[in-house]
Amino acid sequence: MKLIEAIIKPFKLDEVKDALIEIGVQGMTVTEVKGFGRQKGHKETYRGTEYQIDFVPKIKIEVAIPDNLEQKVIETVSRAAKTGSIGDGKIFVCDLGSVVRIRTGETGECAV
Amino acid sequence: MKLIEAIIKPFKLDEVKDALIEIGVQGMTVTEVKGFGRQKGHKETYRGTEYQIDFVPKIKIEVAIPDNLEQKVIETVSRAAKTGSIGDGKIFVCDLGSVVRIRTGETGECAV
Amino acid sequence: MKLIEAIIKPFKLDEVKDALIEIGVQGMTVTEVKGFGRQKGHKETYRGTEYQIDFVPKIKIEVAIPDNLEQKVIETVSRAAKTGSIGDGKIFVCDLGSVVRIRTGETGECAV
Amino acid sequence: MIFRPRFHKLFSKTLAMFFLCGLAVGVFAQEAWAASEISAGDTAWILTSSALVLAMTAPGLVLFYGGMVRGKNVLGTMMHSFISLCVVSVVWVLWGYSLAFSTDIGGVIGGLEWFGLNGVGPEPGQAAPTIPHLAFMVFQLMFAVITVALITGSIAERMKFGAFLLFAVLWSTFIYSPLAHWVWGGGWLGELGALDFAGGTVVHISSGVAALVCALVLGKRHGYGKDTMAPHNLPFTVVGACLLWFGWFGFNAGSALAADGIAASAFVTTNTAAAVAALTWMAAEWVYRGKPTVLGAASGAVAGLVAITPAAGFVGPMSSILIGIGAGVFCYLAVLWKNKLGYDDALDVLAIHGIGGTWGAIATGLFASVGGGTGLFFGNPGQVVTQIIAVVATWVFVLVGTFIILKIVDGIIGLRVTKEDEVLGLDLSQHNERGYISS
Amino acid sequence: MIFRPRFHKLFSKTLAMFFLCGLAVGVFAQEAWAASEISAGDTAWILTSSALVLAMTAPGLVLFYGGMVRGKNVLGTMMHSFISLCVVSVVWVLWGYSLAFSTDIGGVIGGLEWFGLNGVGPEPGQAAPTIPHLAFMVFQLMFAVITVALITGSIAERMKFGAFLLFAVLWSTFIYSPLAHWVWGGGWLGELGALDFAGGTVVHISSGVAALVCALVLGKRHGYGKDTMAPHNLPFTVVGACLLWFGWFGFNAGSALAADGIAASAFVTTNTAAAVAALTWMAAEWVYRGKPTVLGAASGAVAGLVAITPAAGFVGPMSSILIGIGAGVFCYLAVLWKNKLGYDDALDVLAIHGIGGTWGAIATGLFASVGGGTGLFFGNPGQVVTQIIAVVATWVFVLVGTFIILKIVDGIIGLRVTKEDEVLGLDLSQHNERGYISS
Amino acid sequence: MIFRPRFHKLFSKTLAMFFLCGLAVGVFAQEAWAASEISAGDTAWILTSSALVLAMTAPGLVLFYGGMVRGKNVLGTMMHSFISLCVVSVVWVLWGYSLAFSTDIGGVIGGLEWFGLNGVGPEPGQAAPTIPHLAFMVFQLMFAVITVALITGSIAERMKFGAFLLFAVLWSTFIYSPLAHWVWGGGWLGELGALDFAGGTVVHISSGVAALVCALVLGKRHGYGKDTMAPHNLPFTVVGACLLWFGWFGFNAGSALAADGIAASAFVTTNTAAAVAALTWMAAEWVYRGKPTVLGAASGAVAGLVAITPAAGFVGPMSSILIGIGAGVFCYLAVLWKNKLGYDDALDVLAIHGIGGTWGAIATGLFASVGGGTGLFFGNPGQVVTQIIAVVATWVFVLVGTFIILKIVDGIIGLRVTKEDEVLGLDLSQHNERGYISS
Ligand SMILES: Nc1ncnc2c1ncn2[C@@H]1O[C@H](COP(=O)(O)OP(=O)(O)O)[C@@H](O)[C@H]1O
Ligand SMILES: Nc1ncnc2c1ncn2[C@@H]1O[C@H](COP(=O)(O)OP(=O)(O)O)[C@@H](O)[C@H]1O
Ligand SMILES: Nc1ncnc2c1ncn2[C@@H]1O[C@H](COP(=O)(O)OP(=O)(O)O)[C@@H](O)[C@H]1O
């Protein structure tokens, strides 16, 4: 099994979620994060002081999937999260040793 | 070493933490996340508009452990986090290449 | 490729970020988390009730890097995040199966 | 605007109903509007004071209580105060004011001749000869409102919304109106000579004791004593305390029913007692817990305001310092007792309003020296006895009455939300809303 | 303090400018300060009321609207109300008051003889013989302010800040001042006998209709109907509603221009209508959607306050109950219509102020019975006709006038921010600031 | 209620103490309560104004300052204002009022004959013949309170709580009371003819200069100039600014000490200057930084309110526009200077109150034309000189006096928290509390 972690633009969350559901993904976990990268941040001004803010709000999606879905999920996320402008984000893929569904105790692919 | 990631119901955090301490886990990191899964979300209404909210507040716990604790930790979390109703969450296990304790520079199992 | 995950003290974020940029890291993702470990938490009092709060605010930094940078990044983070007092945090290293830059579709080392 | 059929029908039905009701009002209205000797200055002050007392409930209590609960219950808790304002406003103009202030029946209750404010007009009434009767009525309305709103601190985070609505109607009618009548409306406690300048017994003891009964009957919140139930937004609570302080000038100085020396004196004692009690509570905590807390100072200020309420126009400024010290000490101790006794009066209504009000009522019997009152230390020991009678009568009446009302509401609707709804939070389970949305 | 050269120059230039301006003021000032028969009580009440009406805009609307938008637009939205206060305050003292209240020209507008408040001094004016003319002026100023601020609910989350500033100046000058003149300044609607106690047409219909035009001309927010656009901080909105209620006593009871029985009566009808409308809206939602919402109750209260505004001093308390019920029903329906019709009046200004004001203006013609007004149900059917004329005239004038002004502003500055700026949020894109910083 | 032994003892001891104190009060009380010629209208206005000025500190400053610090210091900062209210309220009724307003000693200070408000009763005093002496006293109390609270903006995020308490007592006693005496209590500056309508020197210059000294003596916050120290909750700050504006009507128009034409005039100049200064600051920033900020507009409004304070009842509305422009420009420049000079006046008390107050005091000498004052532009150049003397005297006295007080407090308690406590935040380190709890 794989754990796919995607960093995307916040306003793309609904689109990505819907696209994943369509290809049969049944669960995911979402975190509010701040990203730093090629996309430059912005300036803020408070009472005469200027601050350069390097971190941009992003959303991190984590999805555990059976190995055979890997390519499909990557493609789907890529398509749904893409705006073509800088800061669209990244997808990272890790191996998952095992997965457990707490409620039932099921493990392995049927637990994702 | 392993990195165990558990998604649980927020009000179970204290129970899970205490259970982990009991079996000798000495540290963990906790993140507020939102989950999407079989547990359906809820409806919200604002000034005549209804919104279906699919994401449910969850807690993500990350624990780095030596390999030999893997089964014990999984069992402990499963037991402590279980309510038996839908939405109890998942446990994911990854391999950890290495671990460093920043303060001392220790690495490996003694650093977790 | 590797995914380096570092848990650090919040007020060290700027220092760590600057140090990583200096060694050529071009992106990272940051999450607000709460940590539990040897650093004891604190007491809070509300209307005559005392609460022991075990969780301390921490920052989690995630950086995807090519394998050859692993040691450098670990050293850099360790140095920049260190205060020498308890609670300085941990660094975890995972293997990354693959990386995709969403905007361009690039994969592998050139995508990090 | 396009009227779609469905709404259109509703619209025309509603309109028809209005015409009928309107005609009825037009035909039967007998609201006399005579000229009369009104003091513009006094009227300005009482209207201002009425607005100030409204601000105590909304947004004062809305913020004070709203900040003290967990985030998942913020709206439900704010709603309790807000809807108390709405419900009691209607009850009061329909029958509450009449029950409290129209012609006395046997010393215990007023009649119904002012039902629907019939006969209550812009000319001065008996109670306050220099202001419009309606101004006096609405000033009293604000007191009726806040008393019910105060109780909601004890039922926080677990009561069914519908049950609370029914409770508010019944409690206001059967507990508040009689009590107000006893003390201010020509009833037996006023006759007896009990002193209550601005509502120590009527407002604070009554809400505090009702809160105790509610806490006992409803039972503890799920997870009480185990989970962290710390306030989710103390800045709200601090701001709420500030607004309570601000509005309390209307409450106490407005109770002079004139813009005169008594009003000024009540204004000063109010401010002084609040300041002293805040410092006292803070100091007590500093000694007992090692740190002075902000919530402690805010709570102390409210306790001081409660305690000075019955005494405000009857005591001098130096006495108000002693009353403030007492409020800080006794109410802080009462909070500690609660933790030992273990009932779950979530936001400490008994400790602050019940105990603070009791202390204030008795202190009035000790320190009264001006404005027509004379207390123990000024040569009239009998006043303390009268005050104690008033306190005991109020405790007993409210204890029993509130218990009966809760049992009735429980029978009809049920008092508590389900455990799942409680864990989910009242905002979502009762109102389909969340307080804060971050993205 | 070290004066660095660069600032030093700026400083001395500014100073020099001040001397010149100051001299000019000194030489030409002809502000007469005569003694006159002022009632301290009435003056106290109108000054208090002016402060209360200010509190409706800031912080009332600031919070009410600020809480209802998404977090990334909180400051931009709060700024709309706040800057309306600043801009209209200046416009009003320079020419707005004169246009509205100085000598009538043909029934449609005042002259410019009170430009810069020339001749408006501490002695009583014609409009209110017992208070300083300046007090009347500033009370009216607060009405001019809030009317513009109310409109901003419909342009939320997408209008260019600069464009709004220009819009505020033009709209206040060319729409508000004439309207105020028509009804209160000696213009044709007042002459016709239209009743508007505190601004149902002038303030509420006008802002509501202007809001509709703004929503249509600006177009929908990006993502409207698709993205979640739920309020980011409902506690703010609830507190804002409370402050609106609090300040509305100044608005309505202050419109008696004296601290008398009419003021007290208006105070009571205001409170009653607000309470009833909150309960009605909540009940309607409970029936229609299954849950009573907190935002619904708060919205209902505001709708009730709007509807009672033109009627406040003309109707009895029982009539105010019916007006409140109507407000709750009609305004809630209007919100539902909006969702069906699909225009994006972001914070429902038309539904609450436009429809609520229209209902209130007509209801005044139905229920008026005191304070010099007589409505249909009290034997004067003609009043309803007059009220309908006033309503229609206001709708038409504001519809057309606002459209023209928007087109002018669009031509000069452009109305909408770019899509990127809208997605980023107004706080960052227009003001370089964020509302909340968590670390 | 079960009385456990331990508390029981405490309880009975406390009670015994009360009896003794109470008797003392009873025996020695000589509070005379004579009838007198009070104007209800004026009294209504001054009581209302006193409440309004309280609202400036709490919740006005509580929110204005509380929103501007980092989240970990929100409670500590709010507490500074709140506890200033408590501490100074007690100091003022015990000895502060007497030192400021009882019989003059050598032009520099009052005596102690009104210690504990002895002799200060419901009858009118000398200073204000138409209102109760106690009303005048409590109105002045609110000024003493806010002056101390204003200073806390400069010590934010790093001062020990205990040290601040001691500082507040000393500063109020040894700096504020004398200054108030000099200008309003029969002291030398009033004799000299210095004009200060509502506290430009007494309140604003004094707090601003004290803030500068505090900033210099305490030193910079850890991380200053490196870390982001942006406001954590600007909505709070905006709401705070609104409440300051609202309350300032009591501050300035209340300073007429009557509900008359002067009050109305001061009301108008106050509103106008605030509006103009907000627009000016915003415009300056727009030009200089490219974007108009919300914090800038809010800051500008406060600067305008500060600058008009000494002038409010002495100038006409057109002059108030010029005063507002000056306030916007000078105070904005002063903020920029701070950044260049590098001292850490955290929330810009000097820039806004010190510089704004100084400009206002001098501007009063330029533009005074009504209410008994005549300035340079109206033919009396001497007034400017007098004003400058008043300004310089205030600066020097406060600079030196505050420095000495800080050194004393430093010696006894120590001024600053440890670096760890500062990094952790004042909320946890000083009060064991957190402002916001998310779960
Ligand atoms: N090496 C990296 N490690 C972890 N996260 C990264 C890395 N590079 C980029 N990111 C995340 O991806 C987001 C987008 O990256 P950015 O460089 O701004 O745009 P793009 O991917 O279009 O070049 C960043 O905000 C950050 O959250
Ligand atoms: N495939 C997945 N990848 C990542 N997180 C998941 C996945 N499936 C479930 N989760 C997380 O687990 C939580 C519980 O899952 P859910 O399907 O609602 O209940 P259950 O595990 O009881 O069937 C979700 O809210 C989500 O946070
Ligand atoms: N085994 C672990 N798994 C996950 N996170 C950990 C683990 N141990 C420590 N941490 C994280 O590292 C932080 C610092 O650890 P702590 O034990 O307090 O200090 P130190 O590393 O200096 O001994 C913790 O707050 C927690 O977030």
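Chain naming here is simple, since letters A, B, ... match the order of the sequence lines and numbering starts at 1 in each.
- At least one side-chain heavy atom of F:W45 sits less than 4.5 Å from a side-chain heavy atom of E:T48.
- Chain F forms the most heavy-atom pairs under 4.5 Å with one residue out of E:A58, E:G66, E:A259, and that residue is E:A58.
- Both the backbone and the side chain of F:F246 have a heavy atom closer than 4.5 Å to some heavy atom of chain E.
- Contacts with chain F were tallied for E:A51, E:A135, E:G41; E:A51 has the most, counting heavy-atom pairs under 4.5 Å.
- In terms of heavy-atom pairs under 4.5 angstrom with chain E, the leader among F:A297, F:A278, F:A298, F:P231 is F:A297.
- With a 4.5 Å cut-off on non-hydrogen atoms, F:D42 touches chain E through its backbone and its side chain both.
- Neither the backbone nor the side chain of F:Y436 comes within contact range of chain E, judged by heavy atoms closer than 4.5 Å.
- Proximity to chain F (any heavy atom under 4.5 Å) is shown, for E:L47, by both the backbone and the side chain.
- Neither the backbone nor the side chain of E:S81 comes within contact range of chain F; no heavy atom of the residue lies under 4.5 Å from a heavy atom of that chain.
- Counting only distance, with no hydrogens or angles, the side chain of F:K291 and the backbone of E:E433 share no donor-acceptor pair below 3.5 Å.
- In this structure, no portion of F:A40 lies under 4.5 Å from any heavy atom of chain E.
- There is no contact between F:W248 and chain E, counting heavy-atom distances below 4.5 Å.
- The shortest distance between side-chain heavy atoms of F:L243 and E:P59 falls below 4.5 Å.
- Residue F:I46: no heavy atom, backbone or side chain, is found under 4.5 Å from chain E.
- In this structure, chain E has no heavy atom under 4.5 Å from any part of F:A277.
- Interface remark: of the candidates F:T237, F:L279, F:T43, F:L279 forms the most heavy-atom pairs closer than 4.5 Å to chain E.
- Contact annotation: the side chain of E:L117 approaches that of F:V268 to within less than 4.5 Å [non-hydrogen atoms, C-beta and beyond].
- Side-chain N or O atoms of E:H431 include one that pairs as donor or acceptor with a backbone N or O of F:P292 at under 3.5 Å.
- Using a 4.5 Å cut-off on side-chain heavy atoms (C-beta onward), F:T272 and E:V90 make no contact.
- No other option in E:G76, E:G67, E:S429 has as many heavy-atom pairs under 4.5 Å with chain F as E:S429.
- Chain F forms more heavy-atom pairs under 4.5 Å with one residue of E:L52, E:L54, E:V74 than with any other, namely E:L54.
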